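Below is one structure, written out as structure tokens; the observations come after it.
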Amino acid sequence: MIRTEEMLLNVGPQHPSTHGVFRLVVKIDGEIITEAKPVIGYLHRGTEKLAEDLQYTQIIPYTDRMDYLSAMTNNYVLCHAVETMMGIKIPDRAEYLRVLTMELGRVASHLVWWGTFLLDIGATSPFLFAFREREMIINLLNELSGARLTFNYMRVGGVKWDAPEGWIEKVREFVPYMREQLKGYHELVTGNEIFMNRVKGVGKYTKEDALNYSLSGVNLRCTGVKWDLRKDEPYSIYDRFDFDVPTRQNGDAWTRYQCRMEEIEQSLKIIEQAVEQFPAEGDILAKVPKIIKAPKGEAYVRIESPRGEIGCYIASDGKKEPYRLKFRRPSFYNLQILPKLLKGENMANLIVVLGAIDIVLGEVDG
């Protein structure tokens with residue numbers, strides 16, 4: 001019998017595969033993890049507290065910096081909460097622009113996940129292909145908003161700017177191109193025997209575990225729970241589109257991979273329909289006061305971000321700043337199951353387990 005000694009090992013906070021300043025203190029016995037403790041807070045900016053001294057429109061840039069891979073979704077959830085409190089009806093053209101930007105952002109976010117996840121486990125080419133396609137999406141959103149990452153595009157009542165001439169046509173052309181690239185992704189990776197052996201059965205948990213840990217998004221749907229707020233509690237104009245909610249049963253890294261790849265296809269389906277239905281003309285902003293004051297009361301709204309359910313709670317005392325603001329950040333909740341998944345796991349699988357969850361540290365820390 002080989003006698004081993006337990007050792008404490010720091011993974012991060014400057015480790016390339018934690019994708020941000022995230023520290024994981026693991027206790028290992030030989031190659032086996034006996035305990036794992038996430039240490040967060042390195043990116044904390046106090047967004048929710050700062051919001052109490054900011055007007056509602058001034059808070060929007062702060063939401064860009066939470067989940068910085070899905071800034072449009074964050075913009076929307078804040079605006080949606082304020083609009084719900086004020087009872088604002090959004091013009092159709094603005095709603096279509098919102099959906100197009102959010103779904104383009106979802107595709108771009110999943111591409112970053114796909115490329116970096118495979119890079120973490122030793123495949124270089126997928127990372128280059130993923131960022132090539134993501135760059136096309138970033139260019140589209142840049143043309144629309146004037147920014148490449150922190151877009152600050154949504155406004156209470158609509159959007160900041162209308163689509164420039166020819167933009168909708170460019171989005172239309174992107175859809176078949178991206179579908180063709182997806183086929184190549186599947187040929188390169190999805191059917192690859194080495195890749196499947198690397199991820200199948202790793203980081204597995206049950207539907208009960210997912211529900212008990214309040215997991216959402218792909219981390220919930222990979223256990224067979226068909227729950228997507230775009231379908232189950234439709235917001236914006238998502239009830240106008242025909243799309244499916246991909247689910248799997250096994251709850252491991254392999255099924256999370258499959259769900260995300262299928263979600264890219266479904267987002268392209270939504271984008272395609274939104275482009276076809278896009279109004280030829282119309283307002284992009286509802287009639288709202290220059291200084292927005294939410295009425296006294298409170299509201300909580302939730303939507304489906306690329307990482308799961310993101311919620312926004314606002315308590316208002318009728319002033320131009322919120323009395324209290326709180327975000328439900330999916331990455332923060334999804335991360336909570338990590339110690340359970342890593343206990344008893346081989347050290348070589350740590351990065352596979354963490355990467356398959358798909359966290360963004362700006363959203364974990366808030």
Side-chain angles (χ1 to χ4, degrees), residues 16-17 19 69-70 100 102-141 170-204 217-219 221-224 226 228 241-275 306-307 348-360:
S17 293
H19 301 291
L69 297 181
S70 181
L100 283 169
M102 285 192 286
E103 292 308 314
L104 284 168
R106 195 182 309 272
V107 174
S109 175
H110 284 345
L111 286 175
V112 171
W113 168 79
W114 185 75
T116 55
F117 179 59
L118 285 150
L119 187 65
D120 287 344
I121 59 177
T124 309
S125 299
F127 176 81
L128 303 174
F129 296 141
F131 271 67
R132 178 185 64 190
E133 271 69 77
R134 175 180 177 260
E135 188 69 15
M136 296 178 74
I137 296 173
I138 295 299
N139 287 339
L140 286 169
L141 296 178
K170 288 178 186 176
V171 175
R172 180 184 280 112
E173 290 168 2
F174 173 74
V175 173
Y177 168 81
M178 188 64 230
R179 283 194 178 126
E180 194 60 36
Q181 300 313 308
L182 267 178
K183 290 179 189 174
Y185 292 2
H186 289 307
E187 285 175 19
L188 181 67
V189 176
T190 309
N192 187 297
E193 201 172 312
I194 300 169
F195 171 70
M196 287 192 284
N197 287 335
R198 187 75 183 84
V199 296
K200 276 188 176 179
V202 177
K204 192 171 182 177
V218 166
N219 291 289
R221 292 190 284 271
C222 72
T223 62
K226 199 166 188 174
D228 187 315
F241 307 117
D242 174 38
F243 64 99
D244 299 320
V245 179
T247 57
R248 288 292 187 276
Q249 299 295 327
N250 288 340
D252 59 358
W254 168 239
T255 54
R256 290 193 274 289
Y257 173 91
Q258 290 176 302
C259 284
R260 287 197 185 96
M261 297 307 282
E262 283 188 34
E263 279 194 6
I264 294 177
E265 294 175 24
Q266 297 306 317
S267 286
L268 292 174
K269 198 174 173 183
I270 294 170
I271 292 166
E272 190 173 49
Q273 293 171 74
V275 164
R307 265 149 288 284
N349 286 335
L350 184 151
I351 295 303
V352 176
V353 174
L354 177 61
I357 293 174
D358 185 25
I359 58 168
V360 168

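Bear in mind that the values here come from a model prediction, so they are computed numbers and not experimental data.
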Main-chain N/O of [Y] paired to [X] side chain as donor or acceptor, under 3.5 Å:
{"X": "S267", "Y": "E263", "answer": "yes"}
{"X": "D252", "Y": "G201", "answer": "yes"}
{"X": "E180", "Y": "P176", "answer": "no"}

Under the salt bridge (charged side-chain N to carboxylate O under 4.0 Å, His left out) rule, what pairs show up with a residue in residues 113-135, not counting sequence neighbours?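 Every pair satisfying salt bridge (charged side-chain N to carboxylate O under 4.0 Å, His left out) with a residue in residues 113-135: E135-R148.
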Just verifying a value: how many Å separate [X] [atom1] and [Y] [atom2], rounded to the nearest 0.5 Å?
{"X": "L140", "Y": "I271", "atom1": "CG", "atom2": "CD1", "value": "9.5 Å"}
{"X": "T190", "Y": "M261", "atom1": "OG1", "atom2": "CE", "value": "5.0 Å"}
{"X": "N349", "Y": "L354", "atom1": "CG", "atom2": "CG", "value": "12.5 Å"}
{"X": "L111", "Y": "F131", "atom1": "CG", "atom2": "CZ", "value": "9.0 Å"}
{"X": "F241", "Y": "I270", "atom1": "CZ", "atom2": "CD1", "value": "7.5 Å"}
{"X": "L119", "Y": "S125", "atom1": "CG", "atom2": "OG", "value": "10.0 Å"}

So that I know where these two stand, are F117 and Y257 an aromatic pair - ring centroids less than 6.0 Å apart?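 Ring centres of Y257 and F117 not closer than 6.0 Å.
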Side chains of [X] and [Y]: does their closest heavy-atom pair fall under 4.5 Å?
{"X": "T223", "Y": "T255", "result": "no"}
{"X": "L182", "Y": "L268", "result": "yes"}
{"X": "H19", "Y": "I359", "result": "no"}
{"X": "M178", "Y": "Y185", "result": "yes"}
{"X": "F195", "Y": "L188", "result": "no"}
{"X": "V218", "Y": "D358", "result": "no"}

The criterion is salt bridge (charged side-chain N to carboxylate O under 4.0 Å, His left out); which residues satisfy it with E103, sequence neighbours excluded?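 In terms of salt bridge (charged side-chain N to carboxylate O under 4.0 Å, His left out), with neighbours along the sequence ignored, E103 is linked to R106, R230.
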Run the side-chain contact (heavy atoms from CB on, under 4.5 Å) test on I264 and W114 for me, step by step, so that the C-alpha distance in whole Å, both residues' side-chain angles and the decisive distance to 0.1 Å come before the verdict. CA-CA 11 Å; I264 294 177; W114 185 75; 5.8 Å; no
For I194, look at atom CD1 and say whether over 12 heavy atoms of other residues, nucleotides or ligands are found less than 6.0 Å away.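 For I194, atom CD1 is not crowded (no more than 12 foreign heavy atoms under 6.0 Å).
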Give the minimum heavy-atom separation between [X] and [Y], together with the two atoms involved.
{"X": "H110", "Y": "P306", "answer": "CE1-O, 3.5 Å"}
{"X": "A253", "Y": "A356", "answer": "CB-CB, 3.7 Å"}
{"X": "Q258", "Y": "R248", "answer": "OE1-NE, 3.3 Å"}
{"X": "I351", "Y": "S17", "answer": "CD1-CB, 3.5 Å"}
{"X": "V245", "Y": "K226", "answer": "O-CE, 3.4 Å"}

So, applying side chain to side chain contact (heavy atoms under 4.5 Å, CB included) with C222, which one of R260, Q249, R256 is it?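 Result for side chain to side chain contact (heavy atoms under 4.5 Å, CB included) with C222: R256.
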Would R221 and E262 pass as an ion pair if we require N to O under 4.0 Å?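 Salt bridge: no.
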Give the intermediate values and the outcome of side-chain contact (heavy atoms from CB on, under 4.5 Å) for residues V171 and L100. CA-CA 9 Å; V171 175; L100 283 169; 4.2 Å; yes
Determine whether M136 and Q181 satisfy the following criterion, side-chain contact (heavy atoms from CB on, under 4.5 Å), listing intermediate values before the conclusion. CA-CA 12 Å; M136 296 178 74; Q181 300 313 308; over 6 Å; no
Please lay out, stage by stage, how R307 and L69 fare under the test side-chain contact (heavy atoms from CB on, under 4.5 Å). CA-CA 10 Å; R307 265 149 288 284; L69 297 181; 3.9 Å; yes
